[in-house]
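Below is one structure; the comments refer to it alone.
Proteins get letters first, then strands, A, B, ... in listed order; numbering begins at 1 in each.
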Amino acid sequence: MFQDDLLETENVNTLKFGPGFEEIQCLTHTEVYQILTSKTHDVQRTQAYTKTIEHVKRFGTADDEKHAITTELRQALETFERDTDQGTETLHSYEIVSLCNLMQADSTVDEAIALIPSLSRKFKEEDIEALLDIIRKANAAR
Amino acid sequence: MFYLKTLKKDLLLEPQFFGPNLHEVVGRLLLEQVEGMSLGNDGFVISVFSQNSANTSMEMGTIEYDTGAANIICTYEAICFRPFRNEVLDATVSNVTDLGFFAEVGPLEIFVSRFNMPEDIANTGYDSVGDMWVSEDKEVEIKKGCGVRLRIIGITVEAELKAVGSMKDDYLGLVSAATI
């Protein structure tokens, strides 16, 4: 099954998102909530909209009025880079968002690698621990 | 995965709307036709960004010969949602059956069959009285309103975007109890 990973056009474990999604700009739950609630024009209350708001409120940190923390976290993860044998590795948009959405205060490096396998191909364990630290600090500051 | 995408839409504007408020009418028409809809491979459009952002534009296309309506090509930015293979998501359980359960992530419905559940839950089986799946040690109960973490294993992009998920791997499963 893992050999198929290399042949498919769509598989997030190898950061392949299919045609048209090469430069995908992903959004975390908190960011989606902030954008949707900051709309000034009349939003059509479609079912998709209502369900999305409920979802990101439940699984994101919705009571964060401090947009600055979300922006800082996003910047810290976007500028995170490490020099490896393959060159300088940075985080893909999908990896940044998955880390923010899924990692909690008690998450371990093993959990991060199990849920986001593409990380283990790029970074060593200490680097992943550093990433989890950045997220823990940001969440503690909320 | 929620993401930002720049999309194009062809709108047909009837001659009765040709006037000073043309831009507003086109904006409104765009929202009506696109928001909340599933656009196949591009996913669900959750919300269109305001018309004044940098990537939006309206190009006047041609006038249709038969109806006199104008074909307008709108470029707009929107928050979209689409599942990707092997992605890990948190979802809310919406419906429980003896074959498995349905969970929702925003507008998307994901089905997790009993064969994609951990053995200790799938073997004990479905509790039809409580309408839930229970694990052997009775610690884990999957019922309506629970939060579950699952991995997307398959997607269909036909009339409605639908997905199939699995809870079998490590670190997947129940994350929060029912809120209802």
Side-chain angles (χ1 to χ4, degrees), chain A residues 1 4-5 8-21 23-29 31-33 35-56 58-60 93-94 97-98 101-102 104 107-108 110-118, chain B residues 1-7 24 27-28 31-38 41-52 77-92 94 103-109 145 147 149 151-155 157 169-172 175-176 179:
Chain A
M1 190 170 102
D4 294 334
D5 273 2
E8 287 155 348
T9 52
E10 191 184 303
N11 184 352
V12 301
N13 293 344
T14 51
L15 295 177
K16 289 200 191 124
F17 294 90
F21 290 107
E23 295 283 327
I24 191 168
Q25 292 179 63
C26 303
L27 297 167
T28 65
H29 288 148
E31 287 169 346
V32 173
Y33 183 76
I35 296 170
L36 291 180
T37 49
S38 69
K39 290 297 210 54
T40 46
H41 68 257
D42 272 336
V43 190
Q44 284 207 123
R45 297 277 177 249
T46 58
Q47 224 193 15
Y49 179 88
T50 333
K51 285 191 172 176
T52 306
I53 285 252
E54 268 167 34
H55 180 263
V56 293
R58 179 176 187 173
F59 294 112
S93 184
Y94 167 77
V97 167
S98 279
N101 283 348
L102 301 173
Q104 287 141 6
S107 294
T108 59
D110 284 334
E111 185 176 345
I113 295 179
L115 298 178
I116 315 166
S118 55
Chain B
M1 178 68 36
F2 290 98
Y3 59 94
L4 263 172
K5 191 128 206 234
T6 308
L7 297 160
E24 277 140 42
R28 213 171 10 93
L31 293 181
E32 270 168 39
Q33 288 194 13
V34 145
E35 271 198 349
M37 296 295 174
S38 163
N41 202 42
D42 289 327
F44 289 95
V45 174
I46 308 295
S47 186
V48 173
F49 265 33
S50 114
Q51 303 294 292
N52 297 325
E77 245 189 340
I79 299 180
C80 300
F81 176 78
R82 186 185 182 273
F84 292 97
R85 269 199 75 210
N86 287 326
E87 182 183 352
V88 175
L89 289 170
D90 286 336
T92 311
S94 57
E104 283 181 353
V105 180
L108 174 76
E109 197 175 58
R149 185 161 284 185
R151 183 186 295 276
I152 304 283
I153 51 178
I155 308 154
V157 187
D169 302 327
D170 292 334
Y171 301 106
L172 299 178
V175 286
S176 57
T179 51

Quick one, [X] and [Y] - any side-chain contact, counting heavy atoms below 4.5 Å?
X	Y	result
B/L172	A/L115	yes
B/L4	A/L27	yes
A/F59	B/L89	no
B/F44	A/T52	no
A/H29	B/F2	yes
B/F81	A/V32	no

Note: vs chain A, highest number of non-hydrogen pairs under 4.5 angstrom among B/R149, B/E87, B/K5 is B/R149
Residue from B/V105, B/L108, B/D170, B/I152 scoring the most non-hydrogen pairs under 4.5 Å with chain A is B/V105
What is the minimum heavy-atom distance between [X] and [Y], and which atoms define it?
X	Y	answer
B/G36	A/A48	CA-CB, 3.7 Å
A/V97	B/M1	CG1-SD, 3.5 Å
A/E10	B/I155	OE2-CD1, 3.3 Å

Margin query: So that I know where these two stand, are A/F21 and B/Y3 an aromatic pair - ring centroids less than 6.0 Å apart?
Written below: yes
Does any backbone or side-chain atom of [X] lie under 4.5 Å from a heavy atom of chain B? Answer side chain, backbone, both or neither.
X	value
A/Q47	neither
A/E54	neither
A/I24	side chain
A/E31	neither
A/S118	neither

Nearest 0.5 Å please: distance from the [atom1] atom of [X] over to the [atom2] atom of [Y].
X	Y	atom1	atom2	answer
A/I35	B/I79	CD1	CD1	4.0 Å
B/F84	A/L15	CZ	CG	11.5 Å
A/I116	B/N86	CD1	CG	13.0 Å

Donor-acceptor contact below 3.5 Å, side chain A/H55 vs main chain B/D90: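 Yes; judged by distance alone, with no hydrogens or angles, the pair exists.
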Most contact-rich option vs chain B, by heavy-atom pairs under 4.5 angstrom, among A/G18, A/S98, A/C26, is A/C26
